[in-house]
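All of these numbers come straight from a predicted model, not from anything done at the bench.
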Amino acid sequence: MNYLYYEYKSSTVCTVKEDEKLYYKSLSTQNYLNEKCLLNGSTLKGRQEAFVYQMKVKKIHSCCCIHFKKRRSNFPNKSKKAHDCIWINYANIKDVTYFESTCTITFHDGSKLNCEHPKRIQQTLKQIFRYLNKNTPD
């Protein structure tokens with residue numbers, strides 16, 4: 001899965017990879033991610049609190065590490081309260097090209113996603129990289 005987003009009309013989370021879309025009934029994106037975190041030993045809130053504590057940051061943009069061994073960490077491209085917020089899977093990112101007001105994320109499967117807030121995304125990616133390297137056994 002490259003990224004996911006919430007479809008309000010159908011009350012589903014849509015996961016996207018290349019041309020494949022899968023839909024899951026859920027009350028919100030946060031509920032969906034919380035369920036994935038619980039399957040790996042913690043809550044979404046617990047994962048976020050651990051990130052803040054270990055990285056000694058005051059504010060994060062709600063990223064969450066779902067699975068350390070698979071390096072699966074999701075983060076929002078904008079405020080998680082935004083109706084068009086997309087949660088991006090860090091593990092599937094191949095490259096990011098930054099521009100002044102946007103950036104293009106290229107995934108391992110060749111698909112691309114254009115996002116606003118390039119500085120925020122760049123900062124979040126650096127924090128996730130440091131966090132995963134700190135917590136993943138060699």
*Does one hydrophobic cluster hold both L44 and L38, with members joined at side-chain heavy-atom distances below 4.5 Å?*
no
*Determine, stepwise, if the pair Y3 / I105 fulfils side chain to side chain contact (heavy atoms under 4.5 Å, CB included).*
CA-CA 11 Å; Y3 59 90; I105 298 173; over 6 Å; no
*Enter the distance from N74:CG to I128:CD1 here, rounded to the nearest 0.5 Å.*
8.5 Å
*Going through the checks in order, is the side chain to side chain contact (heavy atoms under 4.5 Å, CB included) test met by S11 and Y6?*
CA-CA 7 Å; S11 298; Y6 194 71; 3.5 Å; yes
*Please report the C-alpha distance between L33 and V13 in whole Å, then the side-chain angles of each, then the deciding distance to 0.1 Å, and finally whether the side chain to side chain contact (heavy atoms under 4.5 Å, CB included) criterion is met.*
CA-CA 10 Å; L33 291 171; V13 169; over 6 Å; no
*Kindly compute the distance separating CG (N77) from SG (C85), expressed to the nearest 0.5 Å.*
5.5 Å
*How long is the span from the OG1 atom in T43 to the CD atom in E49, to the nearest 0.5 Å?*
7.0 Å
*F107 and I93: side chain to side chain contact (heavy atoms under 4.5 Å, CB included), yes or no, with the steps?*
CA-CA 4 Å; F107 296 99; I93 295 175; 4.1 Å; yes
*Closest approach of T15 to M1 (non-hydrogen atoms, all atoms of both residues)*: CB-CG, 3.4 Å
*Inspect the surroundings of OH in Y23 and state if more than 12 heavy atoms from other residues, nucleotides or ligands are less than 6.0 Å away.*
yes
_If you compare all heavy atoms of L125 against all heavy atoms of Y90, which two are closest, and at what distance to 0.1 Å?_
CD2-CD1, 3.6 Å
*Minimum heavy-atom distance between I121 and C103, given as atom pair plus value*: CD1-SG, 3.8 Å
*Spacing of OG1 belonging to T124 relative to NZ belonging to K119, to within rounding of 0.5 Å*: 14.0 Å
*When clusters are formed by joining ILVMFWY residues with side-chain heavy atoms under 4.5 Å apart, either directly or through shared neighbours, do L22 and Y8 land in the same one?*
yes
*What is the minimum heavy-atom distance between S42 and R47, and which atoms define it?*
CB-NE, 3.3 Å
*Hey, does T29 have a side-chain heavy atom less than 4.5 Å from the side chain of P76?*
no
*Could you note down all residue pairs passing salt bridge (Lys or Arg N to Asp or Glu O under 4.0 Å) where residues 81-96 supplies at least one of them, sequence neighbours left out?*
K78-D84
*Is it true that a side-chain atom of K80 and a backbone atom of Q30 form a donor plus acceptor pair closer than 3.5 Å?*
no
_Hydrophobic cluster membership, with links at side-chain heavy-atom distances under 4.5 Å among I/L/V/M/F/W/Y: are Y5 and L27 in one?_
no
_Heavy-atom pair with the smallest gap, counting every atom of N2 and K17_ = ND2-CA, 3.8 Å
*asked:* Suppose we screen for side chain to side chain donor-acceptor pair (under 3.5 Å). Which residues come up paired with T106, at least two apart in sequence or across chains?
replied: none
*asked:* So, taking the atom named CG in N92 and the one named CD in E18, what distance separates them when rounded to the nearest 0.5 Å?
replied: 11.0 Å
*Hey, could you give me the OG1/NZ distance between T12 and K25, rounded to the nearest 0.5 Å?*
6.5 Å
